[in-house]
There are 2 protein chains.
Amino acid sequence: MNTKKISLKDIAVKAGVSTALVSYVLNGKEKESRVGHEIAKKIKEIASELNYQPNHLAKSLRSGKTHTIGLVIADISNPFFANIARVVEDEAKKSGYTVIIGSSDEKAEKAWDLLNVLINRQVDGFIIVSSEHSESHIRYLKERNIPFILLDRHFPDLQTDFVATNNYKASYDAGVHLVKGGYERIGLIAYKSDMYHMKERIRGYQQALRDHHFDLNPNWLKQVRFENIEMEVKIAIDEMISSKDKVDAIIFATYGLAINGLKYINELKLKVPSDLGIVSFGQAEAFDLYYCPITYLKQPLEMLGKTSVEFLLEKLKNPDVGMKQILMEAKLIARESSAAKILQKVS
Amino acid sequence: MNTKKISLKDIAVKAGVSTALVSYVLNGKEKESRVGHEIAKKIKEIASELNYQPNHLAKSLRSGKTHTIGLVIADISNPFFANIARVVEDEAKKSGYTVIIGSSDEKAEKAWDLLNVLINRQVDGFIIVSSEHSESHIRYLKERNIPFILLDRHFPDLQTDFVATNNYKASYDAGVHLVKGGYERIGLIAYKSDMYHMKERIRGYQQALRDHHFDLNPNWLKQVRFENIEMEVKIAIDEMISSKDKVDAIIFATYGLAINGLKYINELKLKVPSDLGIVSFGQAEAFDLYYCPITYLKQPLEMLGKTSVEFLLEKLKNPDVGMKQILMEAKLIARESSAAKILQKVS
């Protein structure tokens, strides 16, 4: 293998194009309409084959930037976060940024390790999906003027930039949807958590019931621990369906809760939606392929990811740009799992 | 907020334990049986609350190590890789290593960017799930004596350490399972790829049919492109079920192929397994929750992830340790989607 340093010119010769064009493409400035998708692809492939190394180090010495973003997510095995990571990467790549990712597994201690590792690795800034008890990390970043955007979750007591979903409204919509479908004893299974997004999901559910003059039966609201989800979801469902005022519908506050819940509902041979109507947060292939497709709150995953990158890049360019806080709306996608009671009786 | 540098002693005082114990726990040396889970947890929580920063920099100056592993995966939105990333993180953490992750989206060019970014960030070594056309990256790492372990995919022409699944055997088992279940026209949908793991999945399928004296009907083997999966899986299935010798079972060579295929099979209102028996690689909640649970090849995800970390850490400790190559066996988990034909007729 050739260990001579590969230059833009080497690539240009092999691709049969100008050095300027190679530079243009490899610096991520091409618009597909201008250079042509095929030729851009060819140039990139040749660069990869030849192991071309852009002189990042020289570039970052000049600019003081590393063109790297640190993305800290709460749980990589949750498809919502894995998919949003994919969006963040694609979006950052368009502006010539590389994303390095760490997952905190919902543990503040691990999140703190990751932040430190990534700060030492000189990322230009962070996009963070916070875990519980990590407010102090955010204060730390603020004090040191390290640029960051909170994604999906934020702390109402801290003034920071964030891009998140309106969780109160989403959960409220789920409750109203079930009420209008004729369900009368609507339960919610959420996590036991101090996180604001989780509290908002509970608050939205409660307000929807209140606004429709339903009692808030404490037996219909269950909060389980992340660490013991499988067992506690089973216990929660057992309690919700065994009392005399047993629920006829359940809202799951996350994808993970829904998957555990649906497996148990299958074990119990309960039929969705006739025995139990279901609405869930999150979106996933498992919901589409379930025998009775699951009604879900579609969070604006693409927009959340893209906007977080956009905000961070603006902030990197101009640190004095004003604070940006956006709550985006989720959309309830109604499917068979929450079909109206009256339609079920007819069919 | 207190900006004074937090010491181990500060944490010890707040936790009411000795400084030595705090050091022991925060350096990741505790065995739960010895220190006690609760006290270790408490110490870690206090360290996190106080924003304690272990002096990584001093430690790495002494040792020449950063205690960071770079994990490059092929596609973060594939649950197999997202889950294996979680295993790698957990395992590395036990030895005091932090993992930073990049996803190549199956693109060699992006994989190359990531490797360079992570090399510049001075990771101690790599665990890599390779994408197509990235052999030259591996040669590059070898020449520079940068420690790495290939995970899940390897290149048979390159002598490297790797930890992977025996894909030939897994696919062979899938074919034999369907043959024994009375299926007579068994198809395979795979990716069009030069990657060895994909070729092995095709080879295993073909050998299973040959060994049972079935013709290899070219119409039963389809190879689709990753970039155009949704459309091409539909076309593949259309062709496989419309000819006079239409298939009665399909093996999907990956999770992504199966999800796209099952959605289309639902659209066509074909019944699994009576119209089409199904076996798939990968494992996922979507397979469990499908109306007819999907038979799958369970890859030893935990063991793959753990062993890759173990090999890499050994190599970091002793660069002259011999080369290690392991092929692990997948296990076929038989469920309703491939129920024997004879049992279907009885019921």
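Reminder, nothing fancy here: chain letters follow the sequence lines and each chain counts from 1. Below, each value reflects all heavy atoms present in this structure, side chains not excepted, and no hydrogens, waters or symmetry copies.
Under a 4.0 Å N-O distance rule, the pair B:K93/A:E109 qualifies as a salt bridge.
Contact check for B:V117 versus A:H67: no side-chain heavy atoms found under the 4.5 Å cut-off.
Residue with the most contacts toward chain B among A:D90, A:I101, A:L118, A:L115: A:I101 (heavy-atom pairs, distance under 4.5 Å). In terms of non-hydrogen atom pairs under 4.5 Å with chain A, the most contact-rich of B:K110, B:E49, B:K107 is B:K110. Note on A:H137, A:H133, A:E89, A:E135: by heavy-atom pairs under 4.5 Å with chain B, the leading option is A:E89.
Here A:D105 contributes atom CG and B:R86 contributes atom CZ; the two are 3.5 Å apart, rounded to the nearest 0.5 Å. Atom NZ of A:K263 sits about 6.5 Å away from atom CG of B:L289, to the nearest 0.5 Å. Expressed to the nearest 0.5 Å, how far OG of A:S103 lies from CD1 of B:I76 amounts to 8.5 Å. In this structure, OH in A:Y290 is found 13.5 Å from CD in B:E285, a value given to the nearest 0.5 Å.
Annotation: A:K41, atom NZ; neighbour count of heavy atoms from other residues, nucleotides and ligands within 6.0 Å does not exceed 12.
In this structure, B:F80 has no ring pair (Phe, Tyr, Trp, His ring centres under 6.0 Å) partners at least two apart in sequence or on a different chain.
Within the 4.5 angstrom heavy-atom criterion, no atom of A:I84 approaches chain B. For chain B, no part of A:N78 is nearby; none of its heavy atoms comes within less than 4.5 Å.
Annotation for B:S136 and A:S48: closest pair OG-O, 3.6 Å, computed over non-hydrogen atoms.
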